[in-house]
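So the structure is just underneath, and the comments pick up after that.
In what follows, chains carry the letters A, B, and so on, assigned in the order in which the sequence lines appear, proteins first and then strands, with residues in each chain numbered from 1. Heavy atoms only: backbone and side chains are in, while hydrogens, waters and symmetry mates are out.
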2 protein chains.
Amino acid sequence: MLSRKTKYGLKALTYLAGQEKNVPIQISTIASDENISQKFLESILLQLKKAGYLGSKKGKGGGYYLLKTAEEVKIDNVYRILEGPISMVPCVSLNFYEKCDDCPDEKTCSVHRLMIQVRDNTLKIFEHTSIADLINKS
Amino acid sequence: MLSRKTKYGLKALTYLAGQEKNVPIQISTIASDENISQKFLESILLQLKKAGYLGSKKGKGGGYYLLKTAEEVKIDNVYRILEGPISMVPCVSLNFYEKCDDCPDEKTCSVHRLMIQVRDNTLKIFEHTSIADLINKS
DNA sequence: ATTATATCCTATAGATTTAGTAGAGTATGC
DNA sequence: GCATACTCTACTAAATCTATAGGATATAAT
């Protein structure tokens, strides 16, 4: 299941991508427009800022704005920042690899290969989708 | 992330699929061979039995055995029984649909379409993979 | 300068889920 | 009738998720 954190993050990025570039939007505006808890959104946007995707401005007329074009913000990166590994088991993760402590050997693990397949398919979608693709065109 | 429950369940089913048919295997045997907590595995196998995938026999020489052929046990079904919805958000689930309480309208949700894509791709893999495919051939 | 505004940062708390444990009950085989 | 092995209920510890609280810091306007 996708966490609310990631979902909110994607929604906020999409929201910002739909605005004029480099014009700061306040957290409170995004939060109320997208039905997101403001304080929760604060921490999410801050995290996206630290990851280099958002810029911010303090004080009146301040807020957050996209530092990249909507096309540059790929879903796989956002997902890794907010949600963590895309893989369903740590032992097939490309960016967050860890040995599964219940498996003596990955080569003999029946689940391993299956999860590589799932990872590759999900990754393909996430890598080829950007925030620009999430903007509603209706 | 895949829960240990589902992972253990898949491993146990694969284990049973590798045995002679209709010969009961004890929980303790599977648990020690697959490095799984016995008590935890107990509840998992019971759940798979109630779902119609396993038969059991009590007393000496008892244990669990597959009621279906390995080819008949598809991953998508096992996943739904042990893990729940395959979808990453409830609003795109085919078998466990629920409205997302933060979304006023699914049609305007930027995440909705993306998650349908992920669901369809994962589903395709799970539907076309059976326990038979998970058996190690080395 | 002072005040209002809005982000930045740390800490905490309640709810839920996960993973596992304990122990008694029930059916079966010898 | 005894040992064996599944069945069932209840409970617990730890982790994670979803926030909330409140002060610190930077900026803009007056």
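Counting distance only, with no hydrogens placed and no angle test, the side-chain atoms of B:Q26 and the base atoms of D:dC6 include no donor-acceptor pair under 3.5 Å. In terms of polar N and O atoms assigned as donor or acceptor, the side chain of B:K5 never comes within less than 3.5 Å of the base of C:dG20 in a complementary pairing.
By the 4.0 Å N-to-carboxylate-O rule, B:D120 lies too far from B:K124 to be salt-bridged with it.
Each of A:E83 and B:K50 was matched to the nucleotide of DNA chain D holding its nearest heavy atom; the match closer to the 5' end belongs to B:K50. If you find the closest nucleotide of DNA chain C to A:K39 and to B:K39, the one lying nearer the 5' end belongs to A:K39.
Contacts of B:I27 with the nucleic acid, taken as non-hydrogen atoms under 4.0 Å apart, involve only primed sugar atoms and P, OP1 or OP2. A:K7 comes within 4.0 angstrom of no nucleic acid atom, judged by non-hydrogen atoms across all strands.
A:F40 places its CZ atom 14 Å from the C1' atom of C:dG14, with the value rounded to the nearest Å. Remark: P of D:dG23 and CD of A:E42 are 15 Å apart, rounded to the nearest angstrom. Rounded to whole angstrom, the span from the CD atom of A:Q47 across to the P atom of D:dC17 amounts to 11 Å.
Residue A:S3 places no side-chain N or O under 4.0 Å from the OP1 or OP2 atom of D:dT16. Side-chain nitrogen and oxygen atoms of B:R4 include none within less than 4.0 Å of the OP1 or OP2 phosphate oxygen of C:dT18. Within the 4.0 Å cut-off from OP1 or OP2 of C:dG20, at least one side-chain nitrogen or oxygen of B:Y8 is found.
For the 3.5 Å distance criterion, the side chains of B:E83 and B:S3 qualify, holding a donor opposite an acceptor.
Within the model, atoms CD1 of B:I75 and CD1 of B:I131 stand 4.0 Å from one another, a figure rounded to the nearest 0.5 Å.
Side-chain N or O atoms of A:R119 include one that pairs as donor or acceptor with a backbone N or O of A:V92 at under 3.5 Å.
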